[in-house]
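As the structure is a prediction and not an experimental result, all values here were calculated from the model.
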Amino acid sequence: KNEVEQSPQNLTAQEGEFITINCSYSVGISALHWLQQHPGGGIVSLFMLSSGKKKHGRLIATINIQEKHSSLHITASHPRDSAVYICAVRTLRGSQGNLIFGKGTKLSVKP
Amino acid sequence: ETGVTQTPRHLVMGMTNKKSLKCEQHLGHNAMYWYKQSAKKPLELMFVYNFKEQTENNSVPSRFSPECPNSSHLFLHLHTLQPEDSALYLCASSQDRARDTQYFGPGTRLTVL
């Protein structure tokens, strides 16, 4: 079992729908990242958070440290949001924790 | 030019070839990383360099050999690879090793025949 699990693996939505992607982890962390990977391969960092909630445009990320769970929400989804969304956690192991990645959630937003 | 660039974007090589992947960052960062992304698997950290010194080798086979001549450039030298090494190889950089957001390059899609 991976230390970082994402659900769902694949998600298809209609344009305008509210989308939620979930991430659960089983290790102690200092921070959690949400990343976006477009079909060409390039990865963009969306959020880094260690508590509470962050918002950027139509994207909202939340984290519950006690429950070891984070969600990424997309409001008013658009076809250009189609991408793979990856959750990664920075572990507390060692003096400089590494990033451990989930397998990603492939989102497809239909017009 | 800004951000993190990688060349080549696509590479096809035979098992007996020797090739190199190049990564360059124009962000003034001190830490650089190589990752491997295989189909249906999470990103795997391969190597970490901090201030040009290798600080992590994540049990990577010796047929992959990294080189960091300065804090802006990172290479991955490849020799006698196996077909299972076919993957997307991503370079990233961050201001420092411990806490900062990592910025990724576009990746090199490698196919080993």
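- The nearest pair of heavy atoms linking B:Pro42 to A:Gly102 is CB-O, 3.7 Å.
- Around the CD atom of A:Gln9, the shell of radius 6.0 Å holds no more than 12 heavy atoms that belong to other residues, nucleotides or ligands.
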List the steps, then state whether side-chain contact (heavy atoms from CB on, under 4.5 Å) holds for B:Tyr35 with A:Leu99.
CA-CA 11 Å; B:Tyr35 289 95; A:Leu99 285 178; 4.0 Å; yes
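- Applying the 6.0 Å contact sphere to CD of B:Gln82 captures more than 12 heavy atoms from other residues, nucleotides or ligands.
- Cluster annotation: B:Leu90 and B:Met46 are assigned to distinct hydrophobic clusters (Ile/Leu/Val/Met/Phe/Trp/Tyr, side-chain heavy-atom contacts under 4.5 Å, transitive).
- For chain A, no part of B:Arg109 is nearby; none of its heavy atoms comes within less than 4.5 Å.
- No more than 12 heavy-atom neighbours from other residues, nucleotides or ligands sit within 6.0 angstrom of OH on B:Tyr103.
- Summarising the geometry of A:Ile43 relative to B:Phe104, their closest heavy-atom pair is O-CB, 3.5 Å, with the distance given to 0.1 Å.
- With chain A as partner, the option from B:Glu44, B:Lys41, B:Lys40, B:Gln37 having the largest number of non-hydrogen pairs under 4.5 angstrom is B:Gln37.
- In the hydrophobic clustering of ILVMFWY residues, with side-chain heavy atoms under 4.5 Å counting as a link, A:Leu46 and A:Ile60 come out apart.
- Between A:Gln37 and B:Leu43 there is no side-chain heavy-atom pair separated by less than 4.5 Å.
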